[in-house]
Amino acid sequence: MIGKSYLSDSLQLCPEPLLPELGNLALDQKEENTNECTLPSLPEADDSNLSKREKRQFNKLAMKKMEAYRTFCKLEGFSDKPPFSRLPRKTLLLVNLGYGAVGGADATQIESIFSQFKGFEKVVMVHGKPYTFVEFRGGDDALIARNALHEKQCPELNSKVLFIEFVNHQDFAYLSDRVYHNIESKLASVSGLIYKEDFISISEEKDLLDNIAYNNIDNESQLWHTIQNRKIQHYKNSFDYRKKHVGSTELVSHHEIPDSIDLLIKRAQSLYPDALGSSIYDQVSVQQYPPGSGISFHADSHTAFGDCIFIVSLLNPIMMEFRHPASNSLVCLDLKPRSLAILSGDARFGWEHGIRARKSDNIDGNTRLRDYRWSITIRSINQNIFCDCKYPALCDNNTIYVRDIRKSKQL
Ligand SMILES: O=C(O)CCC(=O)C(=O)O
Ligand SMILES: [Fe+2]
């Protein structure tokens with residue numbers, strides 16, 4: 001299936017693309033002091049060979065295209081710079097085709113169009129939005145599909161003309177994942193990541209919330225730090241977020257690890273002895289995430305902490321994402337309340353993890369509003385303050401700061 005060009009042969013003599021860079025040009029030019037993408041005046045169809053009818057057709061389409069691009073930018077909040085790429089990317093954005101678009105289509109229809117192209121992976125529709133994302137295995141595959149369909153009439157869609165752009169999938173949370181048929185295959189794609197639901201019971205969760213998490217949260221006691229809108233409390237050993245290290249004396253928490261958290265450590269160690277070993281887990285951070293808050297992508301300091309980190313989630317679910325700079329992969333893991341996530345091996349050292357600061361998560365195409373979520377992150381201390389992993393991009397072993405600490409401790 002190759003779409004027919006939407007205009008007559010005479011117009012096809014125009015240099016490609018037919019609507020030259022309208023979208024990109026339009027969206028690159030932002031007027032100062034407005035939140036909206038502003039678009040330049042429409043290009044004139046000035047080919048003197050064109051009939052009046054063809055000129056009208058051209059202008060009508062140019063107008064439609066501009067409106068679709070503007071709507072997309074507005075709905076996605078790209079007021080500064082639209083996320084379109086001039087280079088081929090594995091993700092295509094169908095700017096004017098979605099649930100809410102005029103002449104909209106459903107996922108099956110779109111899938112049947114794109115699955116005819118090599119490398120097609122999946123269609124991601126966004127509820128209530130007039131655009132759709134289509135993922136391919138790679139940019140080269142996506143390029144072939146775009147060349148065949150962009151600005152062409154699509155016979156399967158009542159001859160609708162599609163406008164298609166490349167986007168970087170990491171700019172859109174709901175694009176992040178590849179297709180995983182089950183949670184096991186998803187976990188297998190992030191080596192060293194272990195995930196277990198119902199790690200604690202409902203009554204244990206309630207006890208942890210009442211006695212540890214809610215404890216003094218509204219009281220501006222010294223114990224709580226606020227970073228990126230989330231509240232943090234440390235036990236036993238504190239973490240200095242500015243220096244990205246443990247051990248800064250003014251921040252050392254003098255609070256012992258409560259028994260109820262100690263119990264979690266023992267349980268996790270007995271369930272996963274291979275991953276957690278017999279290390280001493282003596283750095284605990286309790287964190288509250290109000291809706292809209294998150295934690296930037298990061299790999300926990302390699303030189304501050306030991307080989308394994310684990311996270312117990314409480315109260316409400318949240319989407320955590322894992323990003324692998326070496327392969328540009330992104331994997332989403334919906335962390336359910338009462339679950340346990342263990343980051344060991346590659347998941348600990350070679351992947352970054354993070355939680356986007358937003359008010360909802362997209363779960364299988366549905367928007368789920370966020371609510372308050374708590375977490376307990378448990379780590380051991382890397383006593384040597386040294387790391388020889390194979391991920392220099394994520395490793396702090398050679399930073400001047402870490403070298404200085406080693407020197408000062410004569411390590
Ligand atoms: O709250 C979480 O689930 C993750 C926390 C985390 O990654 C960290 O504190 O380093
Ligand atoms: Fe972390």
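Atoms within each ligand, like the ligands themselves, are counted from 1 in listed order.
Near Asp300, meaning under 4.0 Å from any of its heavy atoms, are these atoms of ligand 1: 10 (O). In summary, the atoms of ligand 1 found under 4.0 Å from a heavy atom of Met320, numbered by their order in the structure, are 2 (C), 3 (O), 4 (C). Here is the list of ligand 1 atoms found below 4.0 Å of a heavy atom in Ser375: 1 (O), 2 (C), 3 (O). Of all atoms in ligand 1, listed by their number and element, those nearer than 4.0 Å to a heavy atom of Thr377 are 5 (C). Applying the 4.0 Å criterion to heavy atoms of Tyr289 picks out, from ligand 1, the atoms 1 (O), 2 (C), 4 (C), 5 (C).
With hydrogens left out, the protein atom closest to atom 8 (C) of ligand 1 is Arg379 NH2, 3.2 Å, a heavy atom. Protein heavy atom closest to atom 7 (O) of ligand 1, with residue, atom name and distance, is His353 NE2, 2.9 Å. Shortest contact from atom 9 (O) of ligand 1 to any protein heavy atom: Gln287 NE2, 2.8 Å. Scanning the protein for heavy atoms near atom 6 (C) of ligand 1, the closest one is Ile295 CD1, 3.6 Å.
The shortest N or O to N or O distance between Arg230 and ligand 1 is not below 3.5 Å.
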*Run the ring-ring contact (aromatic ring centres under 6.0 Å, His included) check on Phe72 and Phe84 step by step: do they pass?*
CA-CA 11 Å; Phe72 169 77; Phe84 305 142; 5.6 Å; yes
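Looking only at distances, a side-chain donor or acceptor of His150 sits under 3.5 Å from a matching main-chain atom of Ile164. Judged by distance alone, with hydrogens and angles left aside, the side-chain atoms of Lys64 form no donor-acceptor pair with the main-chain N or O of Asn59 at under 3.5 Å.
For the pair Arg267 and Phe199, the cation-pi criterion (under 6.0 Å, within 45° of the ring axis) is fulfilled.
Between Leu276 atom CG and Phe310 atom CZ the span is 5.5 Å, to the nearest 0.5 Å.
Rounding to 10 degrees gives 90° for the angle at the Fe ion (ligand 2) between NE2 of His353 and NE2 of His298.
Asp300 contributes OD1 as its N, O or S atom closest to the Fe ion (ligand 2).
The shortest heavy-atom contact between Asp334 and Pro317 is OD1-CB, 4.1 Å.
Under the 4.5 Å side-chain criterion, counting only non-hydrogen atoms from C-beta, Glu135 is in contact with Lys90.
Summarising the local packing, CG of Asp371 is surrounded by more than 12 heavy atoms from other residues, nucleotides or ligands at distances under 6.0 Å.
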